[in-house]
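Inspection log for the structure reproduced underneath, given as structure tokens.
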Amino acid sequence: MSDQDFYTTLGVSRTASEDEIKKAYRKLAMKYHPDRNQGDKEAEEKFKEVQKAYDTLSDKEKRAMYDQYGHAAFEQGAGAGAGGFGGFGGAQGFDFSDIFSQMFGGGGGARQQNYQGADLQYSVEISLEEAAKGVKKRLTIPTYEECDVCHGSGAKPGTSATTCSTCRGSGTVHIRQAIFQMQQTCPACHGSGKEIKDPCLKCRGEGRVKAGKTVEVDIPAGIDDGQRIRLSGEGEPGRNGAPAGDLYISVHVKAHKIFERNGLDLHCELPISFTVAALGGEVEVPTLDGKVKLNIPKETQTGRRMRVKGKGIKSLRSSATGDLYCHVLVETPVNLTDRQKELLEEFEKISTGMERSQTPRKKSFWDKVGDLFD
């Protein structure tokens, strides 16, 4: 057996807390346990060293003695002078089922195991308006319910379940390998402690059948695409009286015909006539709350972004509200009448000679073209 420092054996510092020591020990015990390393003598010795180190460092008095005197504190014959404890004790008398019952949340005594119900996930699709204002939805969730034929027993009517002959109703069995003993779930009854020789034909011995249940979920204002809502205890029912799991609702927001969302802000395209773009004017703008008036400044160009404050999405976690941004698109008219064409042609004639001062973007473009070919 190695005389390596106990702190080094567990891979912790000399100032490690009790929780840090326990966590390190559990990790190493799982790694080197003989059941996982059958026939590996080196792993078996390493497991014993880990156990020896933990036995000392998990005990406050032993740890204090070890910190002061090291291994000498526990050597035979040194106990009287150093206040020793007369050695560590062998591993032969240790029930390793205690270790793993602690690791996996099991108790020391045998009992029927209860299994918490599984968590369920369900997707719901809502509109952008519903995401902005909040909405209550009634959802039918596929799940399980008690079998109405056997009333949850799993046994065929007129019969009943019997005590499992493998574990004698405890739900667990003990396995010995060499000097080690472990406790695990009974492979015959899977922890229920019962055997069903004549299973119910409807539920096939499960005691429950697939069904659907209706739940109401409040989707809060401001929720975004991909976010989830948790409903505690609304998941799959547990077995043997265990609690139900949770239900997670994944929210998907449908694409909108007009608006695109970016965080709390909304964006939309705003087509205007070239007359309004040139002369300015007032136009109507759609929002999620109805239409509002928006003043377009004269000489507005395509691509200009107009802000409508407070017409975005309300924050899910604060009182903040986003804005609506309208991206101006100056629209070229189509299907012109003869009179419209005539007026446009006249406008073009009287604009000759002044176009470079009245069309700054065009002037800038051709100046850049000239620079390119100079």
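Numbers here are sequence positions counted from 1.
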Salt bridge (charged side-chain N to carboxylate O under 4.0 Å, His left out) pairs touching residues 261-271, sequence neighbours excluded, are Asp224-Arg261
Looking at [Y] and [X], is any side-chain nitrogen of the basic one under 4.0 Å from a carboxylate oxygen of the acidic one?
{"X": "Glu44", "Y": "Lys48", "result": "yes"}
{"X": "Arg339", "Y": "Glu342", "result": "yes"}
{"X": "Lys137", "Y": "Asp218", "result": "no"}
{"X": "Lys309", "Y": "Asp323", "result": "no"}

| message | Please tell me whether Asp67 and Tyr7 have a donor and an acceptor in their side chains that are separated by less than 3.5 angstrom. | response | yes
Self-check item: Distance-only donor-acceptor check, side chains Gln51 and Tyr25, under 3.5 Å
Solution: yes
State whether the number of non-hydrogen atoms from other residues, nucleotides or ligands found under 6.0 Å of [X] atom [atom1] is greater than 12.
{"X": "Lys31", "atom1": "NZ", "answer": "no"}
{"X": "Lys156", "atom1": "NZ", "answer": "no"}
{"X": "Lys197", "atom1": "NZ", "answer": "no"}
{"X": "Glu282", "atom1": "CD", "answer": "yes"}
{"X": "Glu18", "atom1": "CD", "answer": "no"}

ring-ring contact (aromatic ring centres under 6.0 Å, His included) pairs touching residues 291-321, sequence neighbours excluded, are none
Could you walk me through whether His33 and Phe47 pass ring pair (Phe, Tyr, Trp, His ring centres under 6.0 Å), step by step?
-> CA-CA 6 Å; His33 193 278; Phe47 182 83; 5.2 Å; yes
So does Tyr54 get a backbone contact from the side chain of Ser58, meaning a donor-acceptor N/O pair under 3.5 Å?
yes
*Check whether any side-chain heavy atom of Ser170 lies under 4.5 Å from a side-chain heavy atom of Cys186, and answer yes or no.*
no
From the list Thr300, Leu344, Leu279, Thr302, side chain to side chain contact (heavy atoms under 4.5 Å, CB included) with Phe274 holds only for Leu344
dist Leu139:CG -> Ile219:CD1 (nearest 0.5 Å) comes out at 7.0 Å
